[in-house]
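Data block below; observations after.
Remember, predicted model here, so these are calculated numbers, not experimental data. Reminder, nothing fancy here: chain letters follow the sequence lines and each chain counts from 1.
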2 protein chains.
Amino acid sequence: MSTRSPRSRHPEGPRQATIRDVARAARVSVATVSRALNDSGPVRDDTRRRVRDAVQNLRFTPHGAARSLITSRTNTLGVLLPDLYGEFFSEIIRGIDREAQRAGYQLLLSSARNARDEIKGAFRAMYGCVDGLILMAPDVELAELFAQHRDRTPIVFINSPVESDDAYVITIDNHGGAYRMVKHLVQNGHRRIAIIRGGNRNHDAAERLRGYRDALIDSGVACDPRLELQGDFTEAAGYRAAHTVLKLDPRPTALFAANDAMAIGALSALREEGAAVPEEIAVAGFDDIPIARYVSPPLSSVHVPIARLGERAMKLLLGAMTGSANGAGRRVVLPTTLVIRTSSP
Amino acid sequence: MSTRSPRSRHPEGPRQATIRDVARAARVSVATVSRALNDSGPVRDDTRRRVRDAVQNLRFTPHGAARSLITSRTNTLGVLLPDLYGEFFSEIIRGIDREAQRAGYQLLLSSARNARDEIKGAFRAMYGCVDGLILMAPDVELAELFAQHRDRTPIVFINSPVESDDAYVITIDNHGGAYRMVKHLVQNGHRRIAIIRGGNRNHDAAERLRGYRDALIDSGVACDPRLELQGDFTEAAGYRAAHTVLKLDPRPTALFAANDAMAIGALSALREEGAAVPEEIAVAGFDDIPIARYVSPPLSSVHVPIARLGERAMKLLLGAMTGSANGAGRRVVLPTTLVIRTSSP
DNA sequence: AGATTGGGTGTAAACGGTTACAGCGCGGGC
DNA sequence: GCCCGCGCTGTAACCGTTTACACCCAATCT
């Protein structure tokens, strides 16, 4: 390591001012400076003014780490998501950020795509740097892996299959939403309804599939495995699946995609093949991402209050940190609603 | 403040283990523990094993702040964006995150919507907590405001009108992209081409408008102020503007939206009004967000390597922090390319 | 007048890591 | 036999902030 002062990365500049420099310049003690800046004690008005001036002149910025060390609060919350692709995550983050800002917290964001090690690594890196954590791990196996850590830093799980009673979990009504959408399709005369499924080990995907099946069974329609197409929540998967659907004989009259991204991919494929939506085949999605209303034809979907989901997760976390969340409020299930636009009858 | 240990927020649990606890359990000194965990010095194999065991047993996690305080590195980079809404930002973040993870950095994310004070506040909060900063401030007035701070923590500006030579700035070729798209429309016979503009003080928006005008002038087509509609980069704005466009007499034969979100909003409005795209009116956007290819009809757009933009910004920042970026590489302009799909002839 | 308050301030001890420096033991070169 | 070097380890200083506690002084109460 070189001889220059550690905090200034730019050799030419003078060393970053500390609270001691400010104290010297304002001819008071460091305690007074701290009190003046944080309103944490009585300070005379002219003393306060001298301190503020010194802060201005020296361009003093408190060293976050030093403060965190003694207060043992980082003022930062972690957000760990499985991916950052698409409007769903962008909306979630937006909701989380909005609420975090309101509460005066910073956001440490990370995504851990596929690999289990990657997630553990990201988790490790965050842990110990944050006052709380919002974790979205729809992969079945991962959720329990972290559940054991909950005693240290509060964790809120979004859409994660976590069983333990004392975990903070916020989910949406996946089963109910899918169920009602499929019921709606049946009520409009559809009997052969295909589904584009989400990822295999994804909990949301599994619940939506379950809702689809239950709705069919309750309607007296037999489930047909050939109508359950594999997908992975991407537009490309929906695109491919729709091509497959068109080749089925007899051809389904409705297509339910487990999320909007796949529904939009499917719409694109159907348009290419000249299949009229909704006349020849109805299409419905899940999530109701903001763009769903703007695609052609406007997409029927199961509305999920995505940004709200983020907000509520953050609220739950803030409650958990202050200890105000009693046992009852640890599990939140947000309702989903049907939004029927023109892509379905 | 209560009497319980500061770091454990959960009263029932024992105090969070420190490096000293680990040292005691492994019967070594704290220095050895530190060396063992960071590979920062010679440690005998069995000593290392004892340390690892103790870490496991005590569930020791290093206190990030304490480490930052002495190393004066936070291992965190800040990202400050004007908004988090839509696929553009989600892609940018994705690119930034990918590169940050590769380099082993954490990401502190924040958005500062409209107000100037809000941005300053967010900036203040981050500053001093991060080793570097990526800042996107397309608002003209704000960019210079922060340029003065560059001597402390390195800052990379994305799409921001920053003049000073020694600032790190990465931009995309807004003018060229818009210019070529409009030229393309003209070459396909369009003479009355409307534009949906971006925000008034937005630099990107201004550059794209300039490219539109220059292309018209160079093509011998007169600019008509009535064809320049106000927008703000949201789908809703595009939707409204398209309705206005249809009422113009004579009606424009092409519509160039300053970003894809507005183009998609416009497509939605045109569809509602029964205006055939591209037969009656051609539509083109800007950004080429991932979903553009999946809307109906697939949207012609000016392709911007959005995720790449984030990646490159991060690379620039990493270079700035190690001081390896020499004067020449401080300004990067990413090229844009035309992607003609079926929404335009 | 002396005791008592309380506002305003200073001193110094934390917080939990990293690391310079010193020390120890041991093997090999002279 | 002595010294040197080297691998391994321990001690303690240091990072920059917050805050408990002590202190001083003026105003008020008894």
Atom-to-atom span, [atom1] of [X] to [atom2] of [N] - whole angstrom:
| X | N | atom1 | atom2 | result |
| --- | --- | --- | --- | --- |
| A:Arg35 | C:dT9 | CZ | C1' | 6 Å |
| B:Ile19 | D:dG10 | CD1 | P | 12 Å |
| B:Asp21 | C:dG16 | CG | C1' | 10 Å |
| B:Leu69 | D:dC14 | CG | P | 13 Å |
| A:Arg49 | C:dT9 | CZ | P | 12 Å |
| A:Ile70 | D:dT19 | CD1 | P | 8 Å |
| A:Asn38 | D:dA20 | CG | P | 13 Å |
| B:Arg73 | D:dC15 | CZ | P | 19 Å |

Verify the contact: side-chain N or O of [X] to OP1 or OP2 of [N], cut-off strictly under 4.0 Å; return yes or no.
| X | N | answer |
| --- | --- | --- |
| B:Ser29 | D:dT9 | no |
| B:Thr47 | D:dT9 | yes |
| B:Ser34 | C:dT18 | yes |
| B:Arg67 | C:dT18 | yes |

Handout entry: hbond_proxy A:Arg48 side chain to C:dG8 base (donor-acceptor, 3.5 Å cutoff)
Key =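 It does not, because no donor-acceptor pair links the side chain of A:Arg48 to the base of C:dG8 below 3.5 Å.
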
Practice task
Tell me what A:Val30 touches on the nucleic acid: a base, only sugar-phosphate, or nothing, going by heavy atoms under 4.0 Å.
Solution key: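 Base contact.
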
Fill in the blank from the handout: Contacts of B:Val43 and A:Phe60 projected onto DNA chain D by closest heavy atom; the upstream (5') one is B:Val43

Problem - Side-chain donor-acceptor pair present, B:Ser111, B:Asp83, cut-off under 3.5 Å - result: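 On atom types as modelled, these side chains do not qualify, holding no pair under 3.5 Å.
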
Would you indicate which nucleotide in [options] comes nearest to any side-chain atom of [X]?
| X | options | answer |
| --- | --- | --- |
| B:Ala66 | D:dT18, C:dT9, C:dG16 | C:dG16 |
| A:Thr18 | D:dG16, D:dG10, D:dT19 | D:dG16 |
| B:Thr32 | D:dG10, D:dG16, C:dT18 | D:dG10 |
| A:Arg20 | D:dT17, D:dC21, C:dG16 | D:dT17 |
| B:Pro42 | D:dG7, D:dG10, D:dC15 | D:dG7 |

For [X] against [Y], the heavy-atom pair lying closest together:
| X | Y | answer |
| --- | --- | --- |
| A:Met321 | A:Asp131 | SD-O, 3.4 Å |
| B:Thr76 | B:Tyr105 | N-CD2, 3.8 Å |
| B:Val43 | B:Arg35 | CG2-CB, 3.8 Å |

Handout entry: Under-4.0 Å salt bridge between A:Arg59 and A:Asp21
Key =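 Answer for the salt bridge query: no.
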
